[in-house]
Structure formats: structure tokens, C-alpha cells
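Notes for the one structure printed next.
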Amino acid sequence: MAEIITPSEVIALAFGDGEYVAAEALSPLDIDAATERWVRPVVGEELLQAVGKGKYSELSEGYIKPAIALYTRYIVQPRLNAATSQLGLSVPTGSHRKAADEKARKELMQALLKRARAALKRLSQQLERQAAEIPEYRSAENILRRCSIDGGVVQKIS
């Protein structure tokens with residue numbers, strides 16, 4: 001898959017909490033996983049390929065990249081909460097900070113998922129508004145046109 005968003009762009013879009021995150025903390029595989037799992041089922045392979053080749057820059061910058069970035073953060077956040085080495089899994093601690101407790105981590109993950117879902121829904125709505133202008137987009141293939149998980153309940157859309 002052609003690169004649609006870089007790790008640095010993911011950090012700029014999805015890590016707006018004022019904390020430093022190195023671009024090396026995110027891999028292209030993380031971005032690909034987020035794209036394949038959540039964005040491709042809405043956008044479709046043909047449109048993703050077109051965006052990867054530089055087409056539809058406004059759609060990409062305003063809708064596709066934010067959705068990919070937020071889902072990428074959702075994927076990597078648990079890995080950022082702990083460190084893995086040859087000694088196993090550990091929690092980073094420092095002289096002025098301590099690791100967040102389970103409740104805070106759960107609340108953060110829920111908030112990240114809500115933001116990501118909102119961005120994906122916004123992307124889907126924009127695609128529907130522009131469907132006539134984007135020949136690579138197939139509305140019938142957009143998973144959010146067939147079902148929704150609003151309120152934690154899977155709902156079939158007729």
C-alpha cells in the first residue's frame with residue numbers, strides 16, 4: 001500500500017496532549033494495520049490507492065489522515081504505556097511521574113476510540129457528499145452505510 005500518512009503526521013494529528021512522542025515509536029505497520037482494519041472498509045481499496053498516489057488531497061488531509069492517525073494512536077497507546085525488553089514487560093517510571101492506574105488507562109482508551117469513531121463517521125459522511133465527484137469511491141462497499149456501532153450496539157442500516 002502506498003504511504004498515505006507518515007508517523008510524524010500521525011503524531012501531529014493524534015497526539016495533541018502536549019507530550020513528546022518520537023516518530024520511531026510508530027511503525028509503518030501500525031499505520032497499515034489501522035488503515036486496513038478501520039479505514040479501508042469505509043473508503044475502499046481503489047480510493048485508498050488513488051489517495052496514496054496523491055489524488056484528492058483535500059479529502060486526504062481533512063478526513064482520511066485524521067481517521068488513520070486516531071486509529072493508529074488507539075492501536076499503539078497500550079504499547080506506549082509499557083516497555084518491552086529482553087527482561088520482559090515493564091512500566092516506565094521517573095522521578096516526577098508514575099504510571100497511570102488501570103482506570104485512567106481504560107478511560108483514555110475509551111476516549112481515543114470515541115474520537116477515532118467520530119473521525120471515521122465524519123469521513124464516511126464526506127464521502128457520501130462527494131460520491132459523484134470521486135469515481136473510485138463505491139458507496140455500496142462503505143461498511144458504515146450497512147451497519148453502525150453507535151451506542152455500543154451493532155445496528156443494521158437499511
Side-chain angles (χ1 to χ4, degrees), residues 1-82 100 102-158:
M1 177 186 309
E3 183 177 86
I4 294 172
I5 187 170
T6 66
S8 295
E9 289 174 306
V10 169
I11 291 167
L13 288 168
F15 289 84
D17 340 68
E19 294 290 331
Y20 172 76
V21 177
E24 295 79 25
L26 309 175
S27 79
L29 291 175
D30 296 323
I31 296 168
D32 287 348
T35 303
E36 285 300 311
R37 169 68 176 90
W38 288 287
V39 177
R40 188 187 56 71
V42 171
V43 173
E45 186 63 32
E46 192 175 348
L47 180 53
L48 271 183
Q49 293 293 332
V51 169
K53 292 176 183 173
K55 289 182 78 175
Y56 309 111
S57 62
E58 283 184 38
L59 180 68
S60 177
E61 294 296 323
Y63 298 90
I64 295 175
K65 284 184 179 186
I68 293 172
L70 289 167
Y71 275 112
T72 300
R73 179 170 182 184
Y74 180 71
I75 287 174
V76 301
Q77 187 64 52
R79 193 172 71 228
L80 296 175
N81 294 342
E102 184 177 349
K103 181 179 185 251
R105 289 190 310 268
K106 184 177 179 180
E107 288 173 349
L108 174 63
M109 293 303 291
Q110 289 172 341
L112 291 174
L113 186 57
K114 284 179 185 176
R115 285 181 64 205
R117 284 180 178 160
L120 194 62
K121 190 172 185 177
R122 185 173 166 262
L123 167 60
S124 178
Q125 291 167 342
Q126 183 64 20
L127 287 170
E128 289 303 313
R129 283 191 291 271
Q130 288 187 276
E133 305 161 28
I134 306 172
E136 295 91 345
Y137 174 63
R138 308 280 183 271
S139 182
E141 294 176 12
N142 179 344
I143 190 70
L144 294 182
R145 300 285 297 153
R146 296 191 308 265
C147 70
S148 172
I149 53 171
D150 291 336
V153 178
V154 177
Q155 303 167 11
K156 184 176 180 180
I157 298 173
S158 303

Task: Closest approach of Pro66 to Gly62 (non-hydrogen atoms, all atoms of both residues) - done: CG-O, 3.7 Å
Task: Verdict with reasoning, Leu70 to Leu112, per side-chain contact (heavy atoms from CB on, under 4.5 Å) - done: CA-CA 7 Å; Leu70 289 167; Leu112 291 174; 5.6 Å; no
Open item on the list: Which heavy atom of Val42 sits nearest to which heavy atom of Ser124, and what is that distance?
Closed with: CG1-CB, 3.9 Å
- [ ] Could you tell me which non-hydrogen atom of Asn142 sits nearest to which non-hydrogen atom of Glu128, and how far apart they are?
- [x] ND2-OE2, 4.0 Å
Open item on the list: Distance check, rounded to the nearest 0.5 Å: Glu24 atom CD versus Ser8 atom OG?
Closed with: 8.0 Å
Open item on the list: Does atom CD (Glu58) have a neighbourhood of more than 12 heavy atoms from anything else shown, all under 6.0 Å?
Closed with: no
- [ ] Let me see the working for Thr35 and Thr72 under side-chain contact (heavy atoms from CB on, under 4.5 Å), right down to the final yes or no.
- [x] CA-CA 8 Å; Thr35 303; Thr72 300; 5.8 Å; no
Open item on the list: Tell me if the CD atom of Glu102 is crowded by more than 12 foreign heavy atoms within 6.0 Å.
Closed with: no
- [ ] Just do the side-chain contact (heavy atoms from CB on, under 4.5 Å) check on Leu80 and Gln77 with the steps written out, would you?
- [x] CA-CA 5 Å; Leu80 296 175; Gln77 187 64 52; 4.2 Å; yes
- [ ] Please state whether the rings of Trp38 and Tyr71 are parallel, tilted or perpendicular, taking 30° and 60° as the class boundaries.
- [x] parallel
TODO: Using distance alone, with no hydrogens and no angle criterion, decide if Gln125 and Arg122 have a side-chain donor and acceptor under 3.5 Å apart.
DONE: no
Task: Distance-only side-chain donor-acceptor flag, Gln130 / Tyr56, under 3.5 Å - done: no
TODO: Compare every heavy atom of Leu123 with every heavy atom of Ala67, then report the nearest pair and how far apart it is.
DONE: CB-CD2, 4.4 Å
Task: Flag side-chain contact, heavy atom, 4.5 Å: Leu108 against Arg73 - done: yes
Open item on the list: Any heavy-atom pair between the side chains of Ile31 and Pro7 that's under 4.5 Å?
Closed with: yes
Open item on the list: Would you compute the distance between atom CD1 of Ile143 and atom CZ of Arg40 and round it to the nearest 0.5 angstrom?
Closed with: 10.0 Å
Task: Non-hydrogen side-chain atoms of Leu127 and Leu47 separated by less than 4.5 Å - done: yes
Task: Heavy-atom side-chain proximity of Met109 to Pro78 below 4.5 angstrom - done: yes
TODO: Please name the pair of heavy atoms, one in Phe15 and one in Val21, separated by the smallest distance, quoted to 0.1 Å.
DONE: CD2-CG2, 3.7 Å
- [ ] Check whether any side-chain heavy atom of Glu141 sits under 4.5 Å from a side-chain heavy atom of Glu45, and report yes or no.
- [x] no
Task: Minimum heavy-atom distance between Asp30 and Ile75, given as atom pair plus value - done: O-CD1, 4.0 Å
Open item on the list: Return the CD1 to CD distance between Ile134 and Gln126, rounded to the nearest 0.5 Å.
Closed with: 7.5 Å
TODO: Could you check Leu13 against Ile5 for side-chain contact (heavy atoms from CB on, under 4.5 Å), going step by step and ending with a plain yes or no?
DONE: CA-CA 10 Å; Leu13 288 168; Ile5 187 170; 3.9 Å; yes
